[in-house]
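For reference, the structure is listed below as structure tokens.
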Amino acid sequence: MSISNFEYKKMSVTCLGPVHITDEVGTVYSYQYLYDAGSRRVYFLNERLWVKFLYKHNLLAEFEELIKTRLRAGTLCEWFQEKGFKIEDLGDAVTDYANVEVAPEILAANKMRLTEIVRTVHNVEGQPYIPGSSIKGALRTGLLFSLLLQEDKLRNAAWAEVSRIINDNRLRDKNSAFARLAQKLEIVLLHRLKIPKNEYSAELMPQASMNCSIMKGLSVSDSYSSGKTIPVIVQKREAVYIVKTGQVKTKNLTLFRECLPPGAHQHFSITLDKAVFGGIGITSAAELVKRQRDFTDFVLQREKIIFGQALKQEFARAENANLFLGSGSGFLSKSLLLALAPDQKSFTDAAAVILHNNFYKHAHLRLDKFAAPRGLQTAKTHKGITLMGVCAVIFRPTAGIHRLPCGLPGY
């Protein structure tokens, strides 16, 4: 292995909107954190140390009675403070905290709001970060998109299969059929490596094996922050196209996410095996990022067709975006139908079927005849209203490689 085959780049990603990547902890409830309305912060608790604190101060039985009721978000913190304690008294029982970026009037209007919060991923130091696997997955989607645009014959054949799935009324599980098609496309486009089954045999691994994917030639580290990053709690806001009026209206939904805040900077590194990626015409990390930028521009332009007039500021803030990350970043940023559909109407019809299969109660087949998807997720913070999950990636100066790229931690 020659080190000259590898390109190692330090990179930075700036969150242009809130970025949420669901943690394995998932949802936490009002009895698992302290919401201080005065400081507008949520303090997350270490369950074992929290119970130990309550037991030490003879409050455990009273706490158990309290949580039998349906707690609103601030009740637990108010009860704790009424007992004469401050947040600081909890010490290590508080693992970390987040700023609440939900308008006070919204919380005041319904005291049951903010009772459930979906957490984002944190590293061992309790800091929010972006897993390398999430960045690599986003780069993979953009790469598949660009390769499909270059393969007219494959793209047309795949669209014919999409149309067959859509129009087959006997096919009950269309989602699985779409998933199988997407997997076939990925195998054809990315599984190009010829890997022997073992060193003693000339027999090759099946093409479907992940070992044959050129993505093996890309390593992406987890991100980190050079300083402390305080996450934010945002409310899910959805801009919805109203079919009857042709207008876009915003709905506030009772779903709250912990996110990396807009303006947050995260650093990571990538290592590209140029010998592997050269087979698809990519010889540098810059080319890989450029293709991702092309994909991001394409998605944003599609979304502007429906939402551009109503969300001018939101799209202006996303002008430098070249990457979509995490939950809420949109149906379009994850769908290869973009590259397959021959025109806007064909895409709309197909998207309506897929959305119907995922959310059958939302009447997508009836309402998505002119626009699909009809919803676009945004978030409101003190920095304004932004699209969810839009990011800007840039290269940082590299002062030499101190160890072999293949030794870097990554995915």
Side-chain angles (χ1 to χ4, degrees), residues 9-21 101 120 128-146 149 218 220 223 225 229 231-232 234 236-239 248 250 257 259-268 270 285-339 347 373 375-396:
K9 288 291 183 180
K10 293 181 178 180
M11 309 185 76
S12 292
V13 56
T14 299
C15 301
L16 303 179
V19 172
H20 170 83
I21 299 171
E101 295 277 6
T120 195
Y129 76 105
I130 303 170
S133 56
S134 296
I135 300 172
K136 185 173 180 179
L139 292 173
R140 168 185 156 278
T141 301
L143 183 58
L144 284 168
F145 171 82
S146 69
L149 291 185
L218 178 66
V220 184
S223 76
S225 174
T229 299
V232 295
V234 299
K236 181 178 178 180
R237 303 172 82 252
E238 192 168 35
V248 174
T250 299
R257 295 187 178 107
C259 304
L260 280 162
H265 300 284
Q266 295 277 304
H267 308 300
F268 66 99
I270 68 173
E287 174 61 25
L288 185 64
V289 172
K290 179 186 179 300
R291 295 199 185 196
Q292 183 63 38
R293 176 61 191 254
D294 293 341
F295 172 61
T296 305
D297 287 343
F298 192 95
V299 171
L300 290 173
Q301 290 304 317
R302 278 290 178 99
E303 291 174 337
K304 278 184 180 180
I305 294 173
I306 303 171
F307 303 101
Q309 196 63 31
L311 305 179
K312 288 182 179 179
Q313 291 185 341
E314 288 86 338
F315 281 104
R317 293 188 177 102
E319 185 176 355
N320 295 322
N322 58 7
L323 194 69
F324 296 105
L325 285 173
S327 302
S329 58
F331 167 78
L332 299 188
S333 69
K334 302 176 181 69
S335 176
L336 288 179
L337 285 176
L338 285 169
F347 168 76
L376 186 62
Q377 292 189 34
T378 65
K380 186 176 183 180
T381 68
H382 70 281
K383 292 196 174 185
I385 302 174
T386 57
L387 303 178
M388 284 288 296
V390 287
C391 300
V393 170
I394 62 170
F395 291 96
R396 295 188 293 137

Worksheet item: Roughly how far, to the nearest 0.5 Å, is the CG atom of L260 from the NE2 atom of H20?
Response: 10.5 Å
Discussion item. Rounded at 0.5 Å granularity, tell me how far CG in L139 sits from CG in L323.
Written reply: 6.0 Å
Worksheet item: Which distance, rounded to the nearest 0.5 Å, do you find between the CZ of R291 and the OG1 of T141?
Response: 14.5 Å
Discussion item. Any non-hydrogen side-chain atom of H267 less than 4.5 Å from a side-chain atom of K10?
Written reply: no
Discussion item. How long is the straight-line distance from OG of S223 back to CD1 of I21, given to the nearest 0.5 Å?
Written reply: 7.5 Å
Discussion item. Please check if the number of heavy atoms outside Q309 that lie under 6.0 Å from its CD is greater than 12.
Written reply: no
Worksheet item: Does any N or O in the side chain of K9 come within less than 3.5 Å of the main-chain N or O of F395, such that one atom is a donor and the other an acceptor?
Response: no
Fill in: Test item: N320 and T14 side chains (from C-beta on) under 4.5 Å apart, heavy atoms
no
Worksheet item: Does the side chain of T229 come within less than 4.5 Å of Q266's, by heavy atoms?
Response: yes
Worksheet entry | Any side-chain heavy-atom pair of E303 and L300 under 4.5 Å | yes
Worksheet item: How about R317 and T386: does a side-chain donor come under 3.5 Å of a side-chain acceptor?
Response: no
Discussion item. I need the L387 CG to F307 CZ distance, nearest 0.5 Å.
Written reply: 10.0 Å
Practice prompt. Kindly give the heavy-atom pair with the smallest separation between R396 and S12, and that separation in Å.
Written response: CD-OG, 2.7 Å
Fill in: Minimum side-chain heavy-atom gap S225-H265 below 4.5 Å
no
Worksheet, complete the sentence: When every non-hydrogen atom of V19 is compared with those of G389, the smallest separation belongs to CG2-CA, 4.2 Å
Discussion item. Is there a side-chain contact between S327 and R257 in this structure, where contact means two heavy atoms from C-beta onward sitting under 4.5 Å apart?
Written reply: yes
Discussion item. Do M11 and I270 have side chains that approach each other closer than 4.5 Å (heavy atoms only, starting at C-beta)?
Written reply: yes
Item to complete: Considering non-hydrogen atoms only, spot the tightest contact between C15 and P261 and give its length.
Response: CB-O, 3.5 Å
Worksheet item: If you measure from CG on L16 to CD on E319, what distance do you get to the nearest 0.5 Å?
Response: 10.5 Å
Worksheet, complete the sentence: Between V393 and N322, the two heavy atoms sitting closest are N-OD1, 2.7 Å
Worksheet item: Taking the inter-plane angle between the rings of F324 and F295 on a 0 to 90° scale, is it parallel (under 30°), tilted (30 to 60°) or perpendicular (over 60°)?
Response: perpendicular
Worksheet item: Minimum heavy-atom separation for I385 to E314, with atom names?
Response: CG2-OE2, 3.2 Å
Fill in: Least distance between heavy atoms, G375 atom then E238 atom
CA-OE2, 3.7 Å
Worksheet entry | Side chain to side chain, T120 and C259, heavy atoms closer than 4.5 Å | no
